[in-house]
Amino acid sequence: MVVTNTTERKPCLSGRGVTKVFGFGNQKTVAVDHVDFDFREGDIISIVGESGSGKTTISKMILGLIGVTEGEIFFQGQPRDIKTHRKKQEYWKGIQAIFQDPFATYNMFKKIDEVLLDCINMRGGKNLPKEEKERLMTEACSFVNLKYAELTNKYPFELSGGQMQRLMIARIFLLKPKILLADEPTSMIDACSRATILDMLLKLRDEINMTIVFITHDIGLAYYVSDTIYIMEHGKFVEVGKADDVILNPQAPYTKRLISDVPKIHEEWDLSTV
Ligand SMILES: Nc1ncnc2c1ncn2[C@@H]1O[C@H](COP(=O)(O)OP(=O)(O)OP(=O)(O)O)[C@@H](O)[C@H]1O
Ligand SMILES: [Mg+2]
């Protein structure tokens with residue numbers, strides 16, 4: 001693995017030898033293969049790799065949605081403990097996710113105000129007066145340019161893809177996690193909404209000072225948004241470093257190939273001005 005210097009902030013999420021094997025015998029797939037990582041507080045990190053490289057698998061292990069076959073994950077310096085339902089709930093106060101297809105991951109039978117109320121309750125606001133809850137929900141909606149008054153009583157399936165993804169960001173605004181995992185959050189929406197969603201995520205990072213882990217196959221996007229880039233190939237991190245170092249001075253052949261596959265990376269992300 002090629003490692004260049006990363007920033008000196010404290011790691012809030014680390015992994016050592018993290019491995020995921022699916023299936024048995026001849027059917028075995030090593031989706032993630034002994035990876036180490038240190039995601040630092042307040043950083044924007046991108047994990048970049050082609051389809052099937054193990055990006056979603058690692059994010060599911062980090063979230064605790066699937067088990068780790070081997071290795072260990074550390075949250076804020078301590079070995080992560082999510083053995084009981086209660087411990088898992090506690091962990092999810094600190095780490096949240098948004099996915100490629102929000103419709104596939106959300107309970108469609110919950111009205112939008114219930115979706116937002118759940119977030120307030122999860123943050124310990126269950127006994128707040130009704131007016132205060134409404135104020136918080138209105139604030140969260142306006143942060144993502146949605147109108148709360150027009151959304152109460154609606155169901156998520158009555159929203160467009162872009163609106164739904166903005167609702168997911170409003171949830172994060174209320175939940176205020178330490179870490180947000182965003183697995184291809186903009187790949188199913190049009191280019192214009194995509195830029196808006198990215199800007200909102202960056203604004204949210206500044207607002208609540210969280211660490212964002214972007215998962216993407218788009219190295220240009222990774223360069224545009226992140227401080228640190230992890231390049232993933234066949235379940236391994238083959239290059240890790242500051243975004244500028246990785247893109248402007250790639251060392252691993254796979255990184256060089258990913259960059260050369262995006263002939264317009266320099267124009268598109270205006271690398272010339274760096
Ligand atoms: N539940 C599962 N059972 C068996 N194999 C799986 C499972 N989930 C993922 N895999 C395999 O693990 C490997 C990594 O898959 P993963 O979904 O993590 O890739 P990815 O990098 O997220 O790809 P994409 O960019 O297409 O989303 C693939 O070979 C995939 O087929
Ligand atoms: Mg994936």
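Here the structure is a predicted model, which is why all the values come from computation and not from measurement. Counting starts at 1 for both ligands and their atoms, in listed order. Residue indices begin at 1 and follow the sequence shown.
Using a 4.5 Å cut-off on side-chain heavy atoms (C-beta onward), K133 and N121 make contact. For the pair I47 and F237, the minimum side-chain heavy-atom distance is below 4.5 Å. For the pair L181/F39, no side-chain contact is recorded, criterion being any heavy-atom separation below 4.5 Å from C-beta on. With contacts defined as side-chain heavy-atom distances shorter than 4.5 Å, the pair I44/S226 qualifies. Residues I208 and P177 are in side-chain contact: their nearest non-hydrogen atoms beyond the backbone lie under 4.5 Å apart.
Looking only at heavy atoms of the protein, atom 12 (O) of ligand 1 is closest to A31 CB, 3.3 Å. The nearest protein atom to atom 1 (N) of ligand 1, hydrogens excluded, is given as F22 CE2, 3.6 Å; this is a heavy-atom distance. Of the protein's non-hydrogen atoms, the one nearest atom 27 (O) of ligand 1 is T56 OG1, 3.9 Å.
Counting heavy atoms only, T57 comes closest to atom 18 (O) of ligand 1 of the residues T57, I215, T29. Which of G54, G49, G23 comes nearest to atom 19 (O) of ligand 1 through a heavy atom is settled by distance: it is G54.
Put simply, part of S53 is less than 4.0 Å from ligand 1, judged by heavy atoms. At least one heavy atom of G52 sits under 4.0 Å from some atom of ligand 1. No heavy atom of M232 sits closer than 4.0 Å to any atom of ligand 1.
Of the protein's heavy atoms, at least one falls inside 4.0 Å of atom 21 (O) of ligand 1. Distance remark: protein heavy atom not present below 4.0 angstrom from atom 30 (C) of ligand 1.
Checking T56 against the Mg ion (ligand 2), an N/O/S atom falls under the 2.8 Å cut-off.
Geometric assessment of K176 against the ring of F173 yields a positive cation-pi assignment under the 6.0 Å and 45° thresholds.
In this structure, K93 contributes its side chain and L175 its backbone to no donor-acceptor pair below 3.5 Å.
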